[in-house]
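A short worksheet on the structure shown next.
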Amino acid sequence: MFDVKALGETIYESRGAGEAEIVVVIPLYNYTHTITAALGSVVKQDLAALAVIVVDDSSTADSGQRAVDFLQCHPARFSRAQVVRHHRNQGPSMSRNSGIARTHEPFLFMLDADNRVRPPALSRLLEGLRYSGAAFAYSQLCLFGEQDGIGLGDVWDPARLAEGNYIDTMSMIRREALLAVGGYAALAEDGQVEDYDLWCRFAELGLRGVFLPELLCEYRVHGSSRSYTTQKYDTVMAEMSLRHPRVVRPARPAGEGSDTP
(Lines give C-alpha, C1' and ligand atoms only; values in the text may rest on other atoms or scores of the structure.)
Protein backbone atom coordinates (compact mmCIF):
# COMPACT_ATOMS: atom_id res chain seq x y z
CA MET A 1 0.00 0.00 0.00
CA PHE A 2 1.23 3.52 -0.84
CA ASP A 3 2.64 5.35 2.20
CA VAL A 4 1.18 8.86 2.04
CA LYS A 5 3.28 9.95 5.01
CA ALA A 6 6.42 9.38 2.94
CA LEU A 7 5.49 12.34 0.72
CA GLY A 8 6.81 14.82 3.27
CA GLU A 9 8.23 15.50 6.69
CA THR A 10 7.10 17.41 9.76
CA ILE A 11 8.86 20.75 10.11
CA TYR A 12 6.90 21.99 13.13
CA GLU A 13 4.73 20.39 15.81
CA SER A 14 3.38 21.57 19.15
CA ARG A 15 0.94 20.18 21.66
CA GLY A 16 -1.37 22.00 24.04
CA ALA A 17 -4.10 21.03 26.46
CA GLY A 18 -7.13 18.89 25.71
CA GLU A 19 -8.04 16.30 23.11
CA ALA A 20 -9.64 17.72 19.98
CA GLU A 21 -12.49 16.13 18.04
CA ILE A 22 -11.83 18.33 15.01
CA VAL A 23 -8.69 18.90 12.97
CA VAL A 24 -8.51 21.67 10.38
CA VAL A 25 -6.56 20.56 7.29
CA ILE A 26 -4.98 23.35 5.23
CA PRO A 27 -3.14 22.54 1.98
CA LEU A 28 -0.68 25.34 1.22
CA TYR A 29 1.10 26.29 -1.96
CA ASN A 30 2.57 29.79 -2.15
CA TYR A 31 -0.31 31.60 -0.42
CA THR A 32 2.17 33.51 1.73
CA HIS A 33 -0.04 36.61 1.85
CA THR A 34 -3.20 34.80 3.01
CA ILE A 35 -2.13 31.86 5.18
CA THR A 36 -1.98 33.92 8.38
CA ALA A 37 -5.53 35.20 7.79
CA ALA A 38 -6.74 31.62 7.25
CA LEU A 39 -5.03 30.44 10.44
CA GLY A 40 -6.21 33.53 12.31
CA SER A 41 -9.81 32.68 11.48
CA VAL A 42 -9.26 29.20 12.96
CA VAL A 43 -7.81 30.67 16.15
CA LYS A 44 -11.04 32.67 16.63
CA GLN A 45 -13.31 29.61 16.65
CA ASP A 46 -15.23 28.97 19.88
CA LEU A 47 -14.07 25.38 20.42
CA ALA A 48 -11.73 25.01 23.39
CA ALA A 49 -9.90 21.99 21.96
CA LEU A 50 -8.93 22.16 18.31
CA ALA A 51 -6.18 20.68 16.12
CA VAL A 52 -4.68 22.04 12.90
CA ILE A 53 -2.32 20.69 10.25
CA VAL A 54 -0.84 22.75 7.43
CA VAL A 55 0.57 20.80 4.49
CA ASP A 56 3.09 22.92 2.60
CA ASP A 57 3.05 21.40 -0.87
CA SER A 58 6.69 22.26 -1.65
CA SER A 59 5.97 25.99 -2.00
CA THR A 60 8.49 28.07 -3.90
CA ALA A 61 7.82 30.96 -1.49
CA ASP A 62 8.27 31.00 2.30
CA SER A 63 4.62 30.09 2.89
CA GLY A 64 5.39 27.13 5.14
CA GLN A 65 7.67 29.20 7.36
CA ARG A 66 4.98 31.88 7.58
CA ALA A 67 2.59 29.21 8.91
CA VAL A 68 5.22 28.02 11.40
CA ASP A 69 5.82 31.59 12.61
CA PHE A 70 2.10 32.12 13.17
CA LEU A 71 1.61 28.86 15.07
CA GLN A 72 4.62 29.56 17.25
CA CYS A 73 2.85 32.74 18.37
CA HIS A 74 -0.23 30.73 19.44
CA PRO A 75 1.19 27.60 21.11
CA ALA A 76 -1.59 27.31 23.69
CA ARG A 77 -4.50 27.66 21.24
CA PHE A 78 -4.31 24.20 19.69
CA SER A 79 -4.33 20.78 21.29
CA ARG A 80 -2.04 19.86 18.41
CA ALA A 81 -0.55 21.99 15.63
CA GLN A 82 1.60 20.62 12.85
CA VAL A 83 3.24 21.85 9.65
CA VAL A 84 4.30 19.25 7.09
CA ARG A 85 6.36 20.01 3.99
CA HIS A 86 6.12 17.80 0.91
CA HIS A 87 9.40 16.84 -0.74
CA ARG A 88 7.91 17.86 -4.09
CA ASN A 89 4.66 19.38 -5.29
CA GLN A 90 1.81 16.87 -5.24
CA GLY A 91 -1.32 18.99 -5.75
CA PRO A 92 -4.20 19.73 -3.39
CA SER A 93 -5.69 16.23 -3.39
CA MET A 94 -2.55 14.56 -2.09
CA SER A 95 -1.96 17.47 0.28
CA ARG A 96 -5.34 16.80 1.86
CA ASN A 97 -4.58 13.09 1.94
CA SER A 98 -1.33 13.88 3.78
CA GLY A 99 -3.36 15.78 6.35
CA ILE A 100 -5.78 12.90 6.70
CA ALA A 101 -2.99 10.33 7.07
CA ARG A 102 -1.08 12.31 9.69
CA THR A 103 -4.04 13.04 11.98
CA HIS A 104 -6.43 10.96 14.06
CA GLU A 105 -9.33 13.26 15.04
CA PRO A 106 -12.77 11.86 14.09
CA PHE A 107 -13.86 15.04 12.23
CA LEU A 108 -11.86 16.94 9.61
CA PHE A 109 -12.56 20.44 8.31
CA MET A 110 -11.03 21.27 4.93
CA LEU A 111 -9.86 24.87 4.59
CA ASP A 112 -7.97 26.33 1.64
CA ALA A 113 -5.13 28.69 2.52
CA ASP A 114 -6.79 31.67 0.83
CA ASN A 115 -10.15 31.30 2.60
CA ARG A 116 -11.46 31.92 6.12
CA VAL A 117 -14.05 30.61 8.57
CA ARG A 118 -16.31 32.75 10.73
CA PRO A 119 -16.98 31.96 14.37
CA PRO A 120 -18.75 29.72 15.30
CA ALA A 121 -18.44 27.81 12.01
CA LEU A 122 -16.71 24.69 13.32
CA SER A 123 -18.96 24.15 16.33
CA ARG A 124 -22.10 24.72 14.20
CA LEU A 125 -20.95 22.27 11.53
CA LEU A 126 -20.06 19.69 14.18
CA GLU A 127 -23.50 20.13 15.73
CA GLY A 128 -25.09 19.63 12.31
CA LEU A 129 -23.18 16.40 11.80
CA ARG A 130 -24.14 15.04 15.20
CA TYR A 131 -27.84 15.77 14.88
CA SER A 132 -28.18 14.68 11.26
CA GLY A 133 -25.95 11.61 11.24
CA ALA A 134 -24.69 12.78 7.82
CA ALA A 135 -21.25 12.01 6.43
CA PHE A 136 -20.35 15.68 6.01
CA ALA A 137 -21.71 19.15 6.77
CA TYR A 138 -21.32 22.36 4.78
CA SER A 139 -22.66 25.90 4.94
CA GLN A 140 -23.48 28.79 2.68
CA LEU A 141 -20.50 30.82 1.49
CA CYS A 142 -19.83 34.52 1.84
CA LEU A 143 -17.78 35.74 -1.13
CA PHE A 144 -15.13 38.42 -0.62
CA GLY A 145 -12.13 39.86 -2.43
CA GLU A 146 -12.62 40.72 -6.08
CA GLN A 147 -16.33 39.94 -5.78
CA ASP A 148 -18.82 40.22 -2.95
CA GLY A 149 -21.91 38.09 -2.63
CA ILE A 150 -23.41 34.79 -1.56
CA GLY A 151 -22.32 31.37 -2.78
CA LEU A 152 -24.33 28.62 -4.50
CA GLY A 153 -24.66 26.22 -1.56
CA ASP A 154 -27.98 24.44 -1.17
CA VAL A 155 -29.55 21.39 0.47
CA TRP A 156 -27.97 18.01 -0.26
CA ASP A 157 -29.49 16.55 -3.40
CA PRO A 158 -27.37 14.00 -5.31
CA ALA A 159 -29.47 14.62 -8.44
CA ARG A 160 -28.05 18.15 -8.66
CA LEU A 161 -24.53 16.74 -8.97
CA ALA A 162 -25.52 15.52 -12.43
CA GLU A 163 -25.03 19.01 -13.84
CA GLY A 164 -22.17 20.36 -11.73
CA ASN A 165 -20.82 20.97 -8.28
CA TYR A 166 -22.63 23.21 -5.83
CA ILE A 167 -20.76 22.27 -2.62
CA ASP A 168 -17.45 23.92 -1.73
CA THR A 169 -14.40 22.19 -0.33
CA MET A 170 -14.94 23.98 3.01
CA SER A 171 -16.85 21.18 4.70
CA MET A 172 -16.60 19.15 7.88
CA ILE A 173 -16.28 15.46 7.11
CA ARG A 174 -16.36 12.34 9.25
CA ARG A 175 -13.03 10.52 9.10
CA GLU A 176 -14.80 7.19 8.65
CA ALA A 177 -16.53 8.54 5.53
CA LEU A 178 -13.25 9.76 4.02
CA LEU A 179 -11.63 6.41 4.69
CA ALA A 180 -14.60 4.58 3.18
CA VAL A 181 -14.00 6.29 -0.19
CA GLY A 182 -10.21 6.20 0.00
CA GLY A 183 -9.64 9.93 0.52
CA TYR A 184 -9.28 12.47 -2.27
CA ALA A 185 -8.52 11.35 -5.82
CA ALA A 186 -5.72 13.02 -7.83
CA LEU A 187 -7.40 13.93 -11.11
CA ALA A 188 -6.42 15.51 -14.42
CA GLU A 189 -8.07 18.72 -13.22
CA ASP A 190 -6.61 18.44 -9.72
CA GLY A 191 -7.07 21.65 -7.80
CA GLN A 192 -10.37 22.29 -9.55
CA VAL A 193 -12.74 19.37 -9.02
CA GLU A 194 -11.38 17.05 -6.32
CA ASP A 195 -14.21 18.12 -4.02
CA TYR A 196 -16.82 17.48 -6.74
CA ASP A 197 -15.37 14.01 -7.26
CA LEU A 198 -15.55 13.33 -3.52
CA TRP A 199 -19.23 14.28 -3.27
CA CYS A 200 -20.00 12.04 -6.25
CA ARG A 201 -18.28 9.09 -4.55
CA PHE A 202 -20.22 9.79 -1.36
CA ALA A 203 -23.46 9.79 -3.38
CA GLU A 204 -22.55 6.46 -4.99
CA LEU A 205 -22.14 4.92 -1.53
CA GLY A 206 -25.40 6.40 -0.26
CA LEU A 207 -23.57 8.79 2.07
CA ARG A 208 -25.20 12.17 2.48
CA GLY A 209 -24.38 15.72 3.42
CA VAL A 210 -26.24 18.22 5.56
CA PHE A 211 -26.50 21.89 4.60
CA LEU A 212 -26.48 24.70 7.14
CA PRO A 213 -28.04 27.80 5.51
CA GLU A 214 -25.75 30.14 7.44
CA LEU A 215 -22.85 32.32 6.28
CA LEU A 216 -20.15 30.41 8.15
CA CYS A 217 -17.38 30.20 5.55
CA GLU A 218 -15.69 32.95 3.56
CA TYR A 219 -14.51 32.25 0.02
CA ARG A 220 -11.90 34.59 -1.44
CA VAL A 221 -12.58 35.44 -5.09
CA HIS A 222 -9.42 36.25 -7.07
CA GLY A 223 -7.73 35.39 -10.33
CA SER A 224 -6.47 32.01 -9.16
CA SER A 225 -9.48 30.99 -7.09
CA ARG A 226 -9.93 27.21 -7.07
CA SER A 227 -13.08 26.85 -9.11
CA TYR A 228 -13.35 25.63 -12.66
CA THR A 229 -14.06 28.18 -15.35
CA THR A 230 -16.78 28.18 -17.98
CA GLN A 231 -14.14 27.25 -20.57
CA LYS A 232 -13.26 24.10 -18.61
CA TYR A 233 -16.83 23.09 -17.85
CA ASP A 234 -17.14 20.59 -20.72
CA THR A 235 -13.77 19.01 -19.87
CA VAL A 236 -14.69 18.70 -16.21
CA MET A 237 -18.11 17.22 -16.91
CA ALA A 238 -16.70 14.74 -19.41
CA GLU A 239 -14.21 13.48 -16.82
CA MET A 240 -16.83 13.33 -14.08
CA SER A 241 -19.33 11.48 -16.27
CA LEU A 242 -16.67 8.86 -17.06
CA ARG A 243 -15.76 8.47 -13.39
CA HIS A 244 -19.31 8.59 -12.07
CA PRO A 245 -21.78 7.56 -14.82
CA ARG A 246 -24.50 6.80 -12.26
CA VAL A 247 -24.32 10.33 -10.84
CA VAL A 248 -23.11 12.71 -13.58
CA ARG A 249 -24.71 13.02 -17.00
CA PRO A 250 -22.38 13.21 -20.00
CA ALA A 251 -22.07 16.71 -21.44
CA ARG A 252 -24.54 17.17 -24.30
CA PRO A 253 -23.01 18.50 -27.56
CA ALA A 254 -23.93 22.12 -28.27
CA GLY A 255 -27.14 22.43 -30.23
CA GLU A 256 -28.34 18.92 -29.46
CA GLY A 257 -31.99 18.89 -28.57
CA SER A 258 -33.86 16.98 -25.88
CA ASP A 259 -34.80 13.33 -26.37
CA THR A 260 -38.33 14.23 -25.31
CA PRO A 261 -40.69 14.83 -28.30
Would a single hydrophobic cluster contain both [Y] and [X], if residues Ile, Leu, Val, Met, Phe, Trp and Tyr are joined by side-chain heavy-atom contacts under 4.5 Å?
{"X": "Leu152", "Y": "Val155", "answer": "no"}
{"X": "Val42", "Y": "Tyr12", "answer": "yes"}
{"X": "Leu198", "Y": "Val247", "answer": "yes"}
{"X": "Leu39", "Y": "Phe144", "answer": "no"}
{"X": "Val43", "Y": "Leu28", "answer": "yes"}

For the side chain of [X] and the backbone of [Y], is there at least one donor-acceptor N/O pair under 3.5 Å apart?
{"X": "Arg116", "Y": "Tyr219", "answer": "no"}
{"X": "Asp56", "Y": "Val83", "answer": "no"}
{"X": "Ser59", "Y": "Asn30", "answer": "yes"}
{"X": "Arg243", "Y": "Cys200", "answer": "no"}
{"X": "Tyr138", "Y": "Asp154", "answer": "yes"}
{"X": "Asn97", "Y": "Tyr184", "answer": "yes"}
{"X": "Gln140", "Y": "Gly153", "answer": "yes"}
{"X": "Thr36", "Y": "His33", "answer": "no"}
{"X": "Arg175", "Y": "Ile100", "answer": "yes"}
{"X": "Ser139", "Y": "Leu212", "answer": "no"}

> Taking it one step at a time, do Arg208 and Ser132 satisfy side chain to side chain contact (heavy atoms under 4.5 Å, CB included)?
Replying inline: CA-CA 10 Å; Arg208 62 188 177 89; Ser132 68; 4.3 Å; yes
Over all atoms of both residues, closest heavy-atom pair of [X] and [Y]:
{"X": "Glu194", "Y": "Ala185", "result": "CB-O, 4.1 Å"}
{"X": "Cys142", "Y": "Leu215", "result": "N-CD2, 4.1 Å"}
{"X": "Ala177", "Y": "Ala135", "result": "CB-CB, 3.8 Å"}
{"X": "Leu111", "Y": "Ser41", "result": "CD2-OG, 4.5 Å"}
{"X": "Tyr166", "Y": "Asp157", "result": "OH-N, 2.7 Å"}
{"X": "Ile53", "Y": "Arg102", "result": "CD1-CB, 3.9 Å"}

Thinking salt bridges, do [X] and [Y] make one under a 4.0 Å N-O criterion?
{"X": "Arg130", "Y": "Glu21", "result": "yes"}
{"X": "Arg96", "Y": "Asp57", "result": "no"}
{"X": "Arg124", "Y": "Glu214", "result": "yes"}

>> Could you walk me through whether Ser79 and Glu19 satisfy the side chain to side chain donor-acceptor pair (under 3.5 Å) test, starting with their C-alpha distance in whole Å, then the side-chain angles of each, then the deciding distance to 0.1 Å, before giving a yes or no?
In response: CA-CA 6 Å; Ser79 57; Glu19 187 66 28; over 6 Å; no
> For Leu205 and Val181, what are the C-alpha separation, side-chain angles and deciding distance, and is it a side chain to side chain contact (heavy atoms under 4.5 Å, CB included)?
Replying inline: CA-CA 8 Å; Leu205 290 182; Val181 298; 3.4 Å; yes
Within this structure, what is the [atom1]-[atom2] distance for the pair [X] and [Y], rounded to the nearest 0.5 Å?
{"X": "Glu218", "Y": "Asp114", "atom1": "CD", "atom2": "CG", "result": "12.0 Å"}
{"X": "Phe70", "Y": "Ile35", "atom1": "CZ", "atom2": "CD1", "result": "9.0 Å"}
{"X": "Ile26", "Y": "Phe109", "atom1": "CD1", "atom2": "CZ", "result": "9.5 Å"}
{"X": "Asn165", "Y": "Thr169", "atom1": "CG", "atom2": "OG1", "result": "7.5 Å"}
{"X": "Leu141", "Y": "Ile150", "atom1": "CG", "atom2": "CD1", "result": "9.0 Å"}
{"X": "Leu108", "Y": "Met110", "atom1": "CG", "atom2": "CE", "result": "5.0 Å"}

Counting C-beta onward and ignoring hydrogens, is there a side-chain heavy-atom pair between [X] and [Y] closer than 4.5 Å?
{"X": "Ile167", "Y": "Asp195", "value": "no"}
{"X": "Phe107", "Y": "Ile173", "value": "no"}
{"X": "Gln90", "Y": "Leu7", "value": "yes"}
{"X": "Met170", "Y": "Asp112", "value": "no"}

> Stepwise, does the side chain to side chain contact (heavy atoms under 4.5 Å, CB included) test hold for Val117 with Leu216?
Replying inline: CA-CA 6 Å; Val117 284; Leu216 299 177; over 6 Å; no
> side chain to side chain contact (heavy atoms under 4.5 Å, CB included) between His86 and Ser98: does it pass, once the steps are laid out?
Replying inline: CA-CA 9 Å; His86 278 169; Ser98 284; 2.7 Å; yes
> What's the verdict on salt bridge (Lys or Arg N to Asp or Glu O under 4.0 Å) for Glu146 and Arg220, showing C-alpha distance, side-chain angles and the deciding distance?
Replying inline: CA-CA 8 Å; Glu146 295 179 5; Arg220 187 187 301 268; over 6 Å; no
Check for me whether the distance between the ring centres of [X] and [Y] falls short of 6.0 Å.
{"X": "Tyr29", "Y": "Tyr31", "value": "no"}
{"X": "Trp156", "Y": "Phe136", "value": "yes"}
{"X": "Phe78", "Y": "His74", "value": "no"}

>> Under a 3.5 Å cutoff, is there a donor and acceptor pairing between the side chains of Ser123 and Gln45?
In response: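 Checked: Ser123/Gln45 side chains show no N/O donor-acceptor pair below 3.5 Å.
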>> Can you confirm whether the side chains of Glu9 and His87 place a donor and an acceptor under 3.5 Å from each other?
In response: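 No, no side-chain donor-acceptor pair sits under 3.5 Å.
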